[in-house]
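Below: one structure, written as structure tokens.
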Amino acid sequence: LNRDDYINIEEEKRHRQIPYIFIFLLWKGDAPEIAGELVRVIRESETIDVVEGSPEPFCKIDNMESTPSLSPGEWLSYIHHAKYVITNSFHCLSLSTIYGKDVFVVPCSDSNIERLEEHCRIFGIESRFIHSCDMVSLGTDYRIDNNSVESIRDHVARCGKAYLTTSIG
């Protein structure tokens, strides 16, 4: 599916006028601490809200809204309208890439680290894979080159379609 297909699935939700960080964590480990540090660093340079859509609220961040029971359409909408996404979910990472979000991956020992790392490597966003609080430093250039990511995504999709066409006949 492409970006427009996912947008059509989204459920309308009240959209914030103020930019926000969307946090979606499936596993705990060190991820909540690293997510908190990322939020702190981002908030040093801009005023921004935080919404946690994790199934269980893991993070303890000041002025954070928790929305643990999102429908799939609401979840897509929160990712789509976020300024930043912090996650350790492969699906959230993939959708953040499709939507062109500035995404950070905060893995933990319980998650599928190899799959997350491989996704970041393929799309040239390895610097967004944050293993520890020591790695949190946004500096002045913290935007993902979404044109490059989209070009890579289109290439990977074409290769995948060609493979399926050849395999299926």
Side-chain angles (χ1 to χ4, degrees), residues 1-29 31-32 34-36 38-39 42-43 46-59 61 63-108 110-126 128-130 142-161 164:
L1 298 175
N2 64 35
R3 182 178 308 140
D4 292 335
D5 295 323
Y6 286 108
I7 289 172
N8 288 330
I9 298 169
E10 290 177 17
E11 290 178 23
E12 284 302 315
K13 191 79 173 157
R14 67 174 172 88
H15 294 295
R16 309 162 159 279
Q17 300 303 314
I18 298 173
Y20 63 93
I21 301 167
F22 183 65
I23 300 174
F24 185 78
L25 304 176
L26 292 179
W27 300 277
K28 194 173 177 181
I34 298 168
L38 279 164
V39 168
I42 292 169
R43 282 182 166 171
E46 62 187 288
T47 300
I48 194 160
D49 283 353
V50 179
V51 177
E52 183 177 20
S54 306
E56 297 179 41
F58 291 128
C59 296
I61 297 170
N63 302 317
M64 181 183 72
E65 177 185 332
S66 183
T67 57
S69 299
L70 297 174
S71 70
E74 289 172 327
W75 184 70
L76 288 170
S77 184
Y78 270 106
I79 295 168
H80 180 203
H81 295 284
K83 184 168 182 182
Y84 304 98
V85 176
I86 301 172
T87 190
N88 60 13
S89 157
F90 178 78
H91 293 98
C92 189
L93 170 61
S94 298
L95 288 163
S96 296
T97 304
I98 289 169
Y99 279 132
K101 297 290 121 184
D102 283 315
V103 62
F104 298 92
V105 180
V106 291
C108 68
D110 299 325
S111 65
N112 187 347
I113 291 173
E114 293 81 20
R115 194 160 73 151
L116 295 168
E117 281 181 320
E118 180 69 5
H119 184 91
C120 290
R121 187 193 61 72
I122 288 170
F123 290 99
I125 57 172
E126 299 96 325
R128 303 325 274 280
F129 199 84
I130 312 294
Y142 55 88
R143 297 282 181 200
I144 290 176
D145 179 358
N146 285 309
N147 291 329
S148 174
V149 169
E150 190 161 334
S151 175
I152 294 166
R153 191 176 58 77
D154 289 345
H155 174 74
V156 169
R158 281 192 307 278
C159 290
K161 287 176 185 175
L164 289 174

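Here the structure is a predicted model, which is why all the values come from computation and not from measurement. One-based numbering along the sequence shown.
- At least one donor-acceptor pair closer than 3.5 Å links the side chain of Ser94 to the backbone N or O of Phe90.
- Shortest non-hydrogen contact noted between Arg128 and Phe104 is NH2-CZ, 2.6 Å.
- Distance check: Lys101 NZ to Tyr84 OH gives 11.0 Å after rounding to the nearest 0.5 Å.
- No donor-acceptor pair under 3.5 Å is formed between the side chain of Ser77 and the backbone N or O of Gly73.
- Counting heavy atoms from C-beta outward, Ile21 and Met64 have side chains that stay 4.5 Å or more apart.
- For Asn88 (side chain) and Leu26 (main-chain N/O), a donor-acceptor pair under 3.5 Å exists by modelled atom type.
- For the pair Pro55 and Leu25, the tightest heavy-atom approach, listed with the atom from each and the gap, is CD-O, 3.6 Å.
- Here the closest non-hydrogen pair linking Ile152 and Ile122 is CG2-O, 3.4 Å.
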task: Using the side-chain contact (heavy atoms from CB on, under 4.5 Å) rule, take Arg43 and Asn63 through it: C-alpha gap first, then chi angles, then the decisive distance, then the call.
output: CA-CA 12 Å; Arg43 282 182 166 171; Asn63 302 317; 4.2 Å; yes

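- Within the model, atoms CG of Leu93 and OG1 of Thr87 stand 7.0 Å from one another, a figure rounded to the nearest 0.5 Å.
- Residues satisfying the side-chain hydrogen bond (donor to acceptor under 3.5 Å, both in side chains) test with Glu117, not counting sequence neighbours, are none.
- The heavy-atom pair separating Ser96 from Ile79 by the smallest distance is OG-CG2, 3.7 Å.
- A distance-only check finds a donor-acceptor pair linking the side chain of Glu52 to the backbone of Phe58 [under 3.5 Å].
- Here the two rings, on His80 and Tyr6, have centers that are 6.0 Å apart or farther.
- Between Phe24 and Phe22, the two ring planes are parallel [angle under 30°; tilted spans 30° to 60°].
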Residue pair Tyr78, Val85: steps toward the side-chain contact (heavy atoms from CB on, under 4.5 Å) verdict: CA-CA 9 Å; Tyr78 270 106; Val85 176; over 6 Å; no

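- When the salt bridge (Lys or Arg N to Asp or Glu O under 4.0 Å) test is applied to Arg121, the partners found at least two apart in sequence or on another chain are Glu118.
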